[in-house]
Amino acid sequence: MEEETDLANFALDYATTKGVSYAEARYEHQEQENFILKNGVLDALYVGQDRGVGVRVLVNGALGFAATNLRTKADVRAIVDDAIKVAKASRRKTKITFAHEDAIEMNWSIPEQRKLADVPVEEKIAEVQSVDRDLMALGLKIPARYFQFSDNRIVKYFANSEGSRIRSYSPRLRVLYFLTVAQDGQVEQTYRNYGWSGGWEGIAAWDLGKRVIDEARSMQRSLVEGKKSPEGKMDLVAGPQVAGIASHESCGHPTEADRVLGREASQAGKSFIPPDGIGMRVGSEVVNVVDDPTVEHAIAYYRTDDEGVKARRRYLYKEGRVTEFLQNRETAAAMHTRSNGAARAVNYNVEAIVRMANTFVEPKDHSVEELLEDVKFGVYMKSFMEWNIDDKRYNAKYAGREAYLVENGEVKHPVRNTIIELTTPAFWSAVDAVGKDLDFEAGFCGKSDPGQALDASMGGPTIRLRNVYLR
Amino acid sequence: MEDVSSRIVEKAISLGCQDAIADVITNRSYQIRFAQNEAVISNRWRESTASVFFVYDKRVLASDIKDLTQLDAAVERLVKIAKASQKNPDYAGIAKGPFRYARVRPDPKVLSLDEGGKYVEAAISGATDQGAKECAGSFWKYEDEHFLATSNGVEAHDHRASLYLSIRALVSLESSGHGIACATKLSQFHPEKAGGKAGRIATLARSPKPGKAGRYTVVFDPLIFGSLTDQTGGRLGAWTVMAGLSPFGKKVGKKVASSQLTLYDDGSAESIARKRFDAEGVPTRRNVLVNKGVLKTYLHNTSTAKKSRTKTTGNAGLVSPDPHAIFVKPGDRSRDEIFAEVKDGLWLTNTWYTRYQSYVTGDLSTIPRDGIFHIQKGDVVEAWKDIRLTDNLLHLLKNIEALGDEPEQMMWWGEVSIPNFVPYARIKDVGITRSAE
């Protein structure tokens with residue numbers, strides 16, 4: 001028997017002899033390559049292999065979790081004892097329960113046209129260096145630039161005391177970059193992040209070189225031709241990157257059930273949506289925002305979550321109303337519903353909690369040109385740099401990176417640092433049209449303690465907002 | 001474990017590496033997360049990792065070896081990968097040991113602590129006694145041991161243990177407060193005080209009104225001032241400056257803050273991040289970063305120091321230098337005096353989500369959370385909500401008017417990423433914005 005099944009099944013067998021009402025074991029093996037190219041120099045290559053077992057038990061209505069990378073049966077037995085001991089010490093007054101799920105047995109993997117493991121690290125470095133060389137060949141003044149490449153090959157085996165047994169394999173690829181372009185004492189900075197589930201073919205699918213060069217040129221143009229962004233109420237045409245971050249921050253996070261129930265109150269915060277907020281109006285009738293782990297090649301693709309629940313598309317906002325919370329089995333039981341497969345952990349050594357996967361505005365049928373053509377006066381913001389949102393997910397800010405003035409349907413000169421600072425309902429209620437040019441970028445979604453910076457993607461098509469305050 | 005570190009280093013050198021570092025770390029930490037006034041999960045870890053750094057002909061490779069049972073094979077694989085990598089012309093070696101280290105040991109009472117429930121209950125009681133309805137947070141017992149060996153003569157050991165509790169107390173969704181307790185000695189761990197503070201702020205923040213945009217004199221509670229100093233310390237690593245991620249580039253010797261501010265990094269001082277040595281084995285020490293408003297140095301490892309023609313500050317991480325623990329030299333004002341001198345301003349108690357429009361200029365915004373108060377003539381007149389601090393890091397530092405005389409150790413969930421010892425601070429002309437409806 002292979003190590004993963006052997007150790008995980010051993011943990012379960014041992015836990016069930018100890019009187020737990022539920023137990024699960026997650027074995028995970030991650031193999032990573034990661035490097036930073038800073039100002040053209042390969043700073044350091046990081047190569048990591050991490051594997052271990054995490055065990056979660058439910059005892060007397062309390063949860064205990066323990067993990068180890070010491071892969072002997074004695075150590076696995078010790079973490080089961082640890083998990084039971086800390087659970088028993090919890091002395092909860094209200095009992096935690098899990099929503100029902102049928103046991104499943106499943107093997108799934110994400111196909112790779114060219115396996116990441118078969119690509120020599122020299123080739124990976126050369127690929128990013130060629131993008132960097134093309135960038136420098138533009139002749140722009142770029143005083144600081146860095147590219148970070150990472151790939152991660154994740155093998156998981158999940159087993160629980162209800163009979164679920166699931167194996168999976170997820171290869172993931174990510175490139176993020178940060179550029180500083182200078183001109184006449186002014187600087188413009190950008191940060192972009194691309195992710196992929198699959199093999200090395202993801203590099204070609206991104207067309208990274210073109211994206212980087214287009215970005216640098218737009219930064220230069222903004223520095224040379226950019227003017228102060230207009231202030232006041234006007235129309236806003238927001239590109240996929242802006243629609244994506246707004247989907248993630250003001251639709252995905254506030255519909256996380258653990259946040260709604262207060263489990264994250266001390267860290268990532270709570271939600272402006274109350275537990276009985278299904279049906280609450282947040283946006284206009286053209287706004288559909290979904291979270292979907294089954295988007296092929298998106299970096300947060302999965303078919304079963306880390307509690308062994310099958311993944312499916314979730315409509316967070318439909319026709320502008322809150323439709324569904326993201327649930328794991330614990331929150332689903334508390335809300336008298338079923339899990340929708342949103343439990344994820346960043347590795348074997350932390351508990352699985354409610355997380356977004358790939359969150360986006362569902363596209364409709366307008367072209368970008370159609371969205372722009374009847375804007376009399378406004379801003380077309382294609383991308384952002386600074387952003388944040390409060391911990392109840394109500395007050396958000398997105399500061400423009402690439403943005404242009406729009407007059408009578410025509411895109412004019414660049415405008416610099418356009419600020420969108422709106423409440424969540426003000427933003428989504430102003431949307432009157434949704435485009436069809438769906439695009440995604442990757443991100444790291446932060447939550448929980450210990451912090452779990454998890455692979456996520458966010459996106460959307462271009463959307464149009466009417467008569468919003470910008471400055 | 002000393003043997004393991006040395007074996008890794010010897011193996012790497014035997015395979016042709018010029019420099020090698022191995023830090024074998026055992027983690028035995030324990031945590032209780034709580035919400036809605038009771039534990040939601042308790043966690044324990046049993047982990048051992050060798051963090052390694054190999055250099056073959058200026059080809060730099062870092063890794064974490066998690067399987068310590070097959071070391072030779074792991075090292076052989078990593079060195080093979082290093083040989084296929086590319087040279088880093090900026091690489092300039094690691095520190096030459098051996099070094100002498102301060103003798104420090106963890107508190108035996110912290111080491112033997114096996115159950116944290118009563119500290120969680122004490123914190124929750126502290127908050128509910130003040131009127132809080134709902135509490136959430138984390139209790140941590142951190143414990144790890146480091147066994148470090150380098151190819152430049154370092155063999156060192158450090159056993160670290162500390163206690164930490166973070167509590168957010170809520171009266172309602174928009175009325176909350178936050179408290180922190182940190183200690184390396186059990187006798188100095190006071191979660192009930194952290195709970196009490198969180199509860200007092202939450203109660204005071206009842207029925208908040210929408211805030212008003214403008215420029216204000218602001219009293220920063222230690223937790224939010226810690227966020228500001230954490231940003232400052234984090235932007236002073238030489239690697240960060242070189243990557244274009246700092247507003248402090250080319251500013252050594254220049255005024256970057258009010259003369260009120262003296263700031264230093266000190267990994268050797270008592271804190272929950274105290275460590276005897278950095279990742280190269282260099283003894284940690286106090287490094288004055290900002291003296292009376294003037295920037296004195298960046299934080300360095302051996303490579304960044306050589307590039308900058310200076311010496312390492314003992315802040316090496318495996319790849320880039322980072323601060324260990326930030327200390328603000330206390331000012332001369334009592335807490336009451338800090339408040340009393342505000343005619344019309346704000347008191348902010350916590351923040352999160354600090355983000356930059358430009359790291360080079362320092363333009364940023366951050367979202368105050370928990371108690372936000374309008375103060376007049378030193379007294380709270382109203383609780384506010386829904387505001388954003390929109391300003392510039394250098395502008396904020398230069399406008400520090402007064403510092404309190406009692407620094408507190410703050411660390412909190414990413415926003416204050418390492419211990420920051422910070423007092424109350426008063427900063428003038430702080431930009432406040434708010435969302436349009």
Side-chain angles (χ1 to χ4, degrees), chain A residues 38 41-51 62-70 75 78-79 82 86-87 89-93 120-122 125 143-144 146 180 187 189 262-263 265-267 270 349 351 385-392 395 397 399 417 421-423 426 446 449 451 469, chain B residues 33 35-36 38-49 60-64 66-67 78 81-82 84-86 88-90 115 117 134 136-138 166-168 170 173 242-245 319 352-353 355-361 364-367 369 386 388 413-414 433-437:
Chain A
K38 177 163 67 73
V41 170
L42 183 71
D43 214 55
L45 172 64
Y46 175 88
V47 178
Q49 276 206 32
D50 190 5
R51 60 182 132 177
L63 282 172
F65 176 86
T68 185
N69 68 331
L70 308 171
D75 286 296
I79 62 164
D82 282 346
V86 294
S90 290
R91 299 191 295 272
R92 280 183 63 91
K93 295 185 188 93
V121 70
E122 306 95 287
I125 295 168
Y146 86 74
T180 305
V187 295
Q189 293 194 304
R263 200 181 193 270
S266 183
Q267 292 92 20
K270 297 186 78 175
N349 56 3
E351 63 164 332
M385 179 63 188
E386 174 196 337
W387 89 103
N388 48 30
I389 187 164
D390 64 1
D391 64 286
K392 61 180 190 269
N395 295 282
K397 178 185 181 186
N417 299 337
E421 193 169 3
L422 294 172
T423 64
D449 184 13
Y469 180 79
Chain B
R33 290 192 76 195
Q36 300 285 2
E38 54 185 344
V40 290
I41 193 164
S42 302
N43 298 302
R44 271 188 201 272
W45 290 270
R46 292 171 182 261
E47 297 177 308
S48 295
T49 303
V60 179
L61 181 133
S63 183
D64 292 302
K66 298 277 186 168
D67 186 349
L78 292 172
I81 295 169
S85 183
Q86 290 189 359
N88 176 352
D90 293 338
E115 216 287 288
E134 175 188 347
S138 300
S166 159
I167 179 169
R168 189 181 197 199
L170 298 99
L173 174 65
M242 289 172 198
L245 295 170
V319 175
W352 88 320
Y353 232 130
R355 292 289 185 277
Y356 290 79
Q357 179 67 2
S358 166
Y359 292 93
V360 173
T361 63
L364 57 74
S365 68
T366 185
I367 313 219
R369 62 188 258 176
D386 297 341
R388 178 175 278 103
W413 200 69
T433 58
R434 56 163 290 125
S435 299
E437 297 290 342

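Chain naming here is simple, since letters A, B, ... match the order of the sequence lines and numbering starts at 1 in each.
- Separating the CG atom in B:Asp386 from the CG atom in A:Asn395 is a distance of 4.0 Å, to the nearest 0.5 Å.
- If you tally non-hydrogen atom pairs under 4.5 Å between each of B:Ser365, B:Ser358, B:Ser166 and chain A, the highest count goes to B:Ser365.
- Both the backbone and the side chain of B:Ile41 come within less than 4.5 Å of a heavy atom in chain A.
- Contact count versus chain B (heavy atoms, under 4.5 Å) is highest, among A:Asp75, A:Val121, A:Asn417, A:Ile79, for A:Asn417.
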A:Lys392/B:Leu173 under side-chain contact (heavy atoms from CB on, under 4.5 Å): CA gap, chis, key distance, verdict: CA-CA 8 Å; A:Lys392 61 180 190 269; B:Leu173 174 65; 4.2 Å; yes

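- Highest contact tally toward chain A, considering only B:Ala243, B:Ala436, B:Ala39, is held by B:Ala436 [criterion: heavy-atom pairs under 4.5 Å].
- The contact between A:Thr423 and chain B is made by backbone and side chain atoms together, counting heavy-atom distances below 4.5 Å.
- Of the listed residues A:Gly446, A:Pro143, A:Ala78, A:Gly48, the one with more heavy-atom pairs under 4.5 angstrom with chain B than any other is A:Ala78.
- Residues A:Gln189 and B:Val360 approach most closely at NE2-CG2, 3.3 Å, considering heavy atoms.
- With a threshold of 4.5 angstrom between heavy atoms, B:Leu61 approaches chain A through its backbone and through its side chain.
- To the nearest 0.5 Å, atom CG of residue B:Asn88 and atom CG of residue A:Leu45 are 11.5 Å apart.
- Here B:Tyr356 contributes atom OH and A:Glu386 contributes atom CD; the two are 10.5 Å apart, rounded to the nearest 0.5 Å.
- Here the OH-CD1 distance, from B:Tyr353 to B:Ile367, works out to 8.5 Å after rounding to the nearest 0.5 Å.
- A salt bridge does not link B:Arg33 with A:Asp449: every distance from a Lys NZ or Arg NE/NH1/NH2 to an Asp or Glu carboxylate oxygen is 4.0 Å or more.
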Derivation of the side chain to side chain donor-acceptor pair (under 3.5 Å) call for A:Glu421 and B:Ser435: CA-CA 5 Å; A:Glu421 193 169 3; B:Ser435 299; 5.0 Å; no

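- Looking at A:Ala265, the atoms closer than 4.5 Å to chain B (heavy atoms on both sides) sit in the backbone and in the side chain alike.
- Proximity to chain B (any heavy atom under 4.5 Å) is restricted, for A:Ile125, to the side chain, taken from C-beta onward.
- No other option in B:Ser63, B:Gly244, B:Ala35 has as many heavy-atom pairs under 4.5 Å with chain A as B:Ser63.
- Both the backbone and the side chain of A:Val47 come within contact range of chain B, judged by heavy atoms closer than 4.5 Å.
- Of the possible donor and acceptor atoms, none in the side chain of B:Glu47 sits under 3.5 Å from a partner among the backbone N and O of A:Thr68.
- Using a 4.5 Å cut-off between heavy atoms, A:Tyr46 contacts chain B through both its backbone and its side chain.
- Looking at B:Leu170, the atoms closer than 4.5 Å to chain A (heavy atoms on both sides) all sit in the side chain, from C-beta outward.
- A donor-acceptor pair under 3.5 Å is formed between the side chain of A:Asn69 and the backbone N or O of B:Ser48.
- Looking only at heavy-atom pairs under 4.5 Å with chain B, the residue among A:Ala66, A:Ala67, A:Ala144 that has the most is A:Ala67.
- For the atom pair A:Asp82 CG and B:Asn43 CG, the distance stands at 11.0 Å (nearest 0.5 Å).
- A distance of 10.0 Å separates NZ of B:Lys66 from CG of A:Leu70, quoted to the nearest 0.5 Å.
- The residue among B:Arg168, B:Glu38, B:Gln36 with the most heavy atom pairs within less than 4.5 Å of chain A is B:Glu38.
- The side chain to side chain contact (heavy atoms under 4.5 Å, CB included) check on B:Ser42 picks up A:Val86, A:Ser90, B:Ile32, with sequence neighbours excluded.
- Counting heavy-atom pairs closer than 4.5 Å to chain B, the top-ranked of the candidates A:Glu122, A:Arg263, A:Lys270 is A:Arg263.
- Your options are B:Trp352, B:Tyr359, B:Trp45, and the one with the most heavy-atom pairs under 4.5 Å with chain A is B:Trp352.
- Both the backbone and the side chain of B:Gln86 come within contact range of chain A, each with at least one heavy atom under 4.5 Å from a heavy atom of that chain.
- For chain A, the nearby part of B:Thr366 is the backbone; its heavy atoms alone come within less than 4.5 Å.
- Contact annotation for A:Glu351: only side-chain heavy atoms (C-beta onward) come within less than 4.5 Å of a heavy atom of chain B.
- When A:Leu63, A:Asn388, A:Asp43 are compared by the number of non-hydrogen pairs under 4.5 Å with chain B, A:Asn388 comes out ahead.
- Side-chain contact between A:Ser266 and B:Ile167 is absent, with no heavy atoms from C-beta onward closer than 4.5 Å.
- Interface check for chain B: of the options A:Val187, A:Asp391, A:Asp390, the most heavy-atom pairs under 4.5 Å are formed by A:Asp391.
- The residue among B:Ala82, B:Ser138, B:Gly117 with the most heavy atom pairs within less than 4.5 Å of chain A is B:Ser138.
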